[in-house]
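Following: one structure in structure tokens, then a few remarks.
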Amino acid sequence: HDFSDEFTVDKAPTVLEEGSKSRHCKHEGCDEKIDVTSIAKLTPDTVASGDMKDIVSVVVDTDDIEFTEAEKEAIANGADVKIEVDVKNIADSVTAKDKNAVEGIISGNYVVGSYFDISIILSVGNDKRTITSTDKKIEFTIALAENLINTDSAVTRTYKIVRVHDGETTILDAAFDAATGKLTFKSDKFSTYAIIYSDAKTEGSGEVIDKPSTSEPATGDPATGDTTNSVVYVILMIMSVMALAGVFFYEKKRKGLSR
């Protein structure tokens with residue numbers, strides 16, 4: 001056999017399947033080949049959209065998505081595949097139902113930092129559809145707004161994600177990278193989300209306690225246990241009575257001598 005120095009693509013890769021290539025024998029009519037090598041699956045175009053697109057990063061693998069038979073056939077015939085991840089801030093438009101669901105599941109001193117929505121749109125050729133769930137969890141990374149990042153070195157802030165999907169509310173773990181200011185979480189269902197956080201601080205005893213909530217300054221009478229002011233008042237009253245008595249006796253004695 002006289003094998004070619006160049007590889008020939010025997011099977012073109014798609015976003016769903018690997019391809020293969022090999023070195024073919026140059027003799028006419030010979031089908032022998034060597035150095036059969038796999039070609040990695042193609043990576044579909046993944047683009048972010050929505051008003052949060054500049055602060056979100058995500059990679060969606062086609063293994064995470066369940067394609068229809070029609071989509072598989074179109075891909076095998078060379079149709080392009082694009083995945084759009086639409087992330088929007090819905091702080092001003094979150095429904096009362098979703099808001100109540102989020103507030104109803106959080107406990108302790110967790111508070112809601114922001115609301116957002118994630119939608120995934122799959123395009124195969126000219127056909128589009130919205131994906132509401134995937135077989136595997138997809139990792140999302142979001143750059144947090146400055147007002148959600150703790151700057152007090154004595155306070156530890158813990159973040160979590162609340163997801164509301166088809167009437168089910170779930171709390172998801174999230175990891176915050178202080179060096180980048182980014183929050184990472186994974187999800188396999190896509191709809192309404194909320195970032196929640198809780199603060200804790202270490203006091204002199206070394207015990208970690210919940211961060212106290214802000215309260216209005218106390219007004220009114222001094223605390224019951226503080227008697228300092230009462231003692232002062234009593235002493236002043238006694239001194240005043242003694243002074244008045246001294247004046248009274250002095251005047252009475254002076255009048256007696258004048259007679």
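Quantities reported herein were computed from a predicted structural model and do not represent experimental measurements.
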From I195 atom CD1 to L172 atom CG, the distance as rounded to the nearest 0.5 Å | 11.5 Å

Is the closest side-chain heavy-atom distance between N89 and S114 below 4.5 Å?
-> no

Residue list, ring pair (Phe, Tyr, Trp, His ring centres under 6.0 Å) with H27, at least two apart or on another chain = none

Salt bridge (charged side-chain N to carboxylate O under 4.0 Å, His left out) with K160: which residues, sequence neighbours excluded?
-> D173

Pairs in or reaching into residues 114-134: which pass salt bridge (Lys or Arg N to Asp or Glu O under 4.0 Å), with residues at least two apart or in two chains?
-> E71-R129

Any pair counted as salt bridge (Lys or Arg N to Asp or Glu O under 4.0 Å), so long as it reaches residues 43-66, sequence neighbours left out = K41-D63

Sort and list the pairs that fulfil salt bridge (Lys or Arg N to Asp or Glu O under 4.0 Å) and have at least one residue in residues 85-97, not counting sequence neighbours.
-> D86-K88

Using the test salt bridge (charged side-chain N to carboxylate O under 4.0 Å, His left out), find all partners of K26 that sit at least two apart in sequence or belong to another chain.
-> D2

When clusters are formed from ILVMFWY side-chain contacts under 4.5 Å, directly or step by step, what else is grouped with I196?
-> I90, V94, V102, I105, I106, Y110, V112, Y115, V162, V164, I171

Would you call T170 and E168 a side-chain contact if the rule is heavy atoms closer than 4.5 Å?
-> yes

If you look at every heavy atom in N150 and V155, which pair is closest and at what distance?
-> ND2-O, 2.8 Å

When the side chains of residues 130-145 are checked against the rest of the protein, which donor-acceptor pairs come out under 3.5 Å, sequence neighbours left out?
residue	atom	partner	partner atom	Å
T134	OG1	K136	O	2.6
T141	OG1	T184	OG1	3.2

Are V111 and F185 co-members of a hydrophobic cluster defined by side-chain heavy atoms under 4.5 Å apart?
-> yes

Distance, nearest 0.5 Å, that separates OG1 of T37 from CZ of R23 = 9.5 Å

Which pairs would a plain distance check flag for residues 12-22, meaning a side-chain donor or acceptor within less than 3.5 Å of a matching protein atom at least two apart in sequence or in another chain?
residue	atom	partner	partner atom	Å
T14	OG1	L16	N	3.1
T14	OG1	E17	N	3.0
E17	OE1	K11	NZ	3.3
S22	OG	D10	OD2	2.7
S22	OG	H24	NE2	3.2

Partners of K186 by salt bridge (charged side-chain N to carboxylate O under 4.0 Å, His left out), sequence neighbours excluded?
-> none

Would you please classify the geometry between the F176 ring and the Y159 ring as parallel, tilted or perpendicular, with 30° and 60° separating the classes?
-> tilted

Answer yes or no: is there a side-chain heavy-atom contact under 4.5 Å between V59 and T46?
-> no

Where do H165 and F190 come nearest, in terms of heavy atoms and distance?
-> ND1-O, 3.7 Å

Taking all atoms of both residues into account, what is the closest heavy-atom pair of S49 and E84, and its distance?
-> OG-OE2, 2.7 Å

Give a yes or no on this: more than 12 heavy atoms of other residues, nucleotides or ligands lie within 6.0 Å of atom CG of N126.
-> no

Would V36 and F7 show up in the same hydrophobic cluster when neighbours are defined by side-chain heavy atoms closer than 4.5 Å?
-> no

Cluster question for you: counting only ILVMFWY and a side-chain heavy-atom cut-off of under 4.5 Å, with indirect links fine, are F116 and V47 together?
-> no

Hphob cluster co-occupancy, L183 + L148, side-chain heavy atoms under 4.5 angstrom = yes

Determine, step by step, whether I118 and S187 satisfy the side chain to side chain contact (heavy atoms under 4.5 Å, CB included) criterion, reporting the C-alpha distance in whole Å, the side-chain angles of both residues, the deciding distance to 0.1 Å, and the verdict.
-> CA-CA 10 Å; I118 296 178; S187 182; over 6 Å; no

How would you list, by chain and number, every residue that makes a ring pair (Phe, Tyr, Trp, His ring centres under 6.0 Å) with Y197, sequence neighbours excluded?
-> none

Can you name the salt bridge (charged side-chain N to carboxylate O under 4.0 Å, His left out) partners of D31, sequence neighbours left out?
-> none

Show your working on side chain to side chain contact (heavy atoms under 4.5 Å, CB included) between I120 and I83 and close with a plain yes or no.
-> CA-CA 7 Å; I120 296 182; I83 299 171; 3.9 Å; yes

In the single-linkage hydrophobic clustering (I, L, V, M, F, W, Y; side-chain heavy atoms under 4.5 Å), do L42 and V9 co-cluster?
-> no

